[in-house]
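Some notes on the structure that comes next.
Letters A, B, ... mirror the listed sequences (proteins, then strands); counts begin at 1.
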There are 2 protein chains.
Amino acid sequence: MNRANVDKRSPVPLYYQIKETIKEKIEGGSLEPHERLPSERELEEDYGISRMTARRALTELESEGYVYREQGKGSFVAEPKLRQGLLQLTGFTEDMKNRQMKPGARVLENRVIEPDEELANNLSIDSGSNVFLLQRVRFAEEEPLAIETTHLRYDLCEGIKDYDFSGRSLYTTLREEFNITLSRAEQSVEASLADEFEAKNLQVDQGDPMLITERTTYIGDEKTPIEYARSTYRGDRYKLFVKLKG
Amino acid sequence: MNRANVDKRSPVPLYYQIKETIKEKIEGGSLEPHERLPSERELEEDYGISRMTARRALTELESEGYVYREQGKGSFVAEPKLRQGLLQLTGFTEDMKNRQMKPGARVLENRVIEPDEELANNLSIDSGSNVFLLQRVRFAEEEPLAIETTHLRYDLCEGIKDYDFSGRSLYTTLREEFNITLSRAEQSVEASLADEFEAKNLQVDQGDPMLITERTTYIGDEKTPIEYARSTYRGDRYKLFVKLKG
DNA sequence: AAGTGGTCTAGACCACGAA
DNA sequence: TCGTGGTCTAGACCACTTG
């Protein structure tokens with residue numbers, strides 16, 4: 001671990017800067033699974049911070065699944081499979097990258113609509129408001145894997161309909177172009193059978209198994225919904241991973 | 001909030017004692033949703049602890065969904081629905097109770113076997129060891145909902161085959177009769193179609209949608225697997241709920 | 001014995017919300 | 001202005017692992 005690339009005058013908390021630095025090294029592969037990380041006291045010295053701050057960075061990395069820690073031994077890089085599919089809020093693009101697959105998309109629908117009552121309710125808006133509708137076939141390694149239909153409160157991201165979402169991540173666009181951070185989501189998962197539309201677009205047969213997720217996503221205040229999304233995944237190709245705590 | 005019912009000489013950490021105390025008051029209903037909790041500085045004084053310790057108790061309650069906190073305002077009891085159906089490690093019985101449904105079971109298999117290679121691998125034992133096999137049809141409100149097939153390391157719960165699991169919870173039995181606490185689990189979720197066996201036992205047709213979960217559960221040390229379970233749920237009756245964090 | 005993570009203290013300054 | 005949660009410091013003792 002090299003020196004102090006943290007900015008003590010930045011409004012970004014120190015523990016967060018350090019956490020992100022380590023996370024990038026893990027994701028970038030410059031730290032191998034099971035490789036030993038700097039100890040809390042080493043980080044303290046390297047970055048010129050207190051131990052509690054170093055500790056917080058490592059503790060959060062542990063709870064996010066990037067790191068495991070053993071008393072008396074040290075902190076270590078977790079195996080990638082343990083990082084997958086825990087309770088992280090990710091979009092399709094990031095999900096595929098976690099699985100070491102190349103993501104892709106073909107846009108089916110891209111327009112601003114007036115929501116029906118149910119959709120307006122899901123987004124906590126009234127039915128006169130504008131909603132951005134984006135429907136895409138999502139690919140993994142050039143193979144169709146899912147159909148994703150998402151609805152965004154258009155007043156929070158006006159102009160988003162002019163982006164081309166065949167090659168870009170929706171969540172990245174929200175973050176980088178509209179400065180919208182997502183804080184949390186509520187999601188349901190159920191099983192179903194492919195209908196004609198899904199069969200055609202995903203190259204499967206009608207009646208094949210499908211995994212359906214429905215998600216409501218909230219912005220930074222944790223109270224305001226911005227997205228309601230429904231995705232149908234090919235049941236033969238997609239499995240969801242969850243970590244449970246007692 | 002009344003006085004100092006914490007034991008400073010106990011090996012149980014102070015932050016944990018306080019956290020459990022508050023959790024019990026929330027679950028017991030003596031603290032209402034959206035009711036204000038003591039501030040960090042009030043806890044500090046009430047329990048005679050430092051602020052960082054009080055803070056840790058509240059922070060963990062927040063990450064477990066019991067509490068929400070707002071800067072400048074205070075800490076408040078979260079709504080029960082935000083506590084439900086997140087990634088809690090629960091068995092079928094508790095899951096049904098959370099959904100306000102009456103659970104039930106019919107035992108199909110109940111014996112001690114020698115594991116094949118894959119199963120031995122899942123449980124981190126060698127294939128000469130004994131494994132307890134329990135297969136049950138699970139009911140919700142007297143209707144068949146799932147087939148649950150679970151495998152336990154028999155050396156950790158010798159004698160468990162003599163219990164009647166048509167009327168009792170496996171996890172409760174492990175906890176109360178064998179003093180085994182479960183710490184965490186890794187679970188996968190996928191979609192499939194009902195086969196003949198499932199169709200017959202769950203009163204559905206072959207080819208109907210099914211939700212399949214596979215779970216490996218670990219005991220208190222978080223490293224030793226004790227259970228490998230596979231459950232198939234009727235896709236038309238069962239939906240899984242997940243909370244995601246950003 | 002030395003190093004590690006786990007807990008804990010007693011302070012400090014800050015940004016934010018309400019009065 | 002005052003109380004709140006958010007961050008941070010510079011120490012401390014403990015239990016655990018490894019040499």
Does a donor on one side chain sit under 3.5 Å from an acceptor on the other, for B/Glu94 and B/Tyr171? no
Looking for any heavy atom pair under 4.0 Å, which part of the strands does A/Arg51 touch: base, sugar-phosphate only, or nothing? base
Residues which pass side-chain contact (heavy atoms from CB on, under 4.5 Å) with B/Ser75, listed by chain and number, not counting sequence neighbours: B/Leu37, B/Leu58, B/Val67, B/Arg69
Check the side chains of B/Glu60 and B/Tyr66 for a donor-acceptor pair under 3.5 angstrom, ignoring hydrogens and angles. no
More than 12 heavy atoms of other groups within 6.0 Å of B/Phe76 CZ: yes
Categorize A/Glu62 for me: base, sugar-phosphate, or nothing, with a 4.0 angstrom heavy-atom threshold over every strand shown. nothing
Does C/dG3 have its OP1 or OP2 closer than 4.0 Å to a side-chain nitrogen or oxygen of A/Ser39? no
side-chain hydrogen bond (donor to acceptor under 3.5 Å, both in side chains) involving B/Ser124 - partner list, sequence neighbours excluded: none
Mind checking B/Leu58 for me? I need base, sugar-phosphate or nothing, with any heavy atom below 4.0 Å counting as a touch. nothing
Using whole Å, what does the distance between atom P of nucleotide C/dG3 and atom CG of A/Leu43 come to? 16 Å
Going 5' to 3' along DNA chain D, between which two nucleotides do contacts with chain B fall, using a heavy-atom cut-off of 4.0 Å? D/dG3 to D/dC8
For B/Leu14, answer base if it contacts any base atom (sugar-phosphate contacts may also be present), sugar-phosphate if it contacts only those atoms, and nothing otherwise; contact means non-hydrogen atoms under 4.0 Å. sugar-phosphate
Which pairs pass side chain to side chain donor-acceptor pair (under 3.5 Å) with one or both residues in residues 113-123 of chain B, sequence neighbours excluded? none
Categorize B/Glu44 for me: base, sugar-phosphate, or nothing, with a 4.0 angstrom heavy-atom threshold over every strand shown. nothing
With under 30° as parallel and over 60° as perpendicular, where do the rings of B/Tyr154 and B/Phe132 fit, or are they tilted in between? tilted
Shorter than 3.5 Å, N or O on both sides, protein versus nucleotides 14-16 of chain C: list them out with atom names.
unit_1: C/dA15; atom_1: N3; unit_2: B/Gln71; atom_2: OE1; d: 3.0
unit_1: C/dC16; atom_1: O4'; unit_2: B/Gln71; atom_2: OE1; d: 3.4

Salt bridge A/Glu20-A/Lys23, side-chain N to carboxylate O under 4.0 Å: yes
Residue closer to the 5' end of DNA chain D, B/Arg36 versus A/Tyr16 (nearest nucleotide): B/Arg36
Which residues pass the side-chain contact (heavy atoms from CB on, under 4.5 Å) test with B/Thr150, not counting sequence neighbours? B/Leu134, B/Glu148, B/Leu152, B/Leu170, B/Glu227, B/Ala229
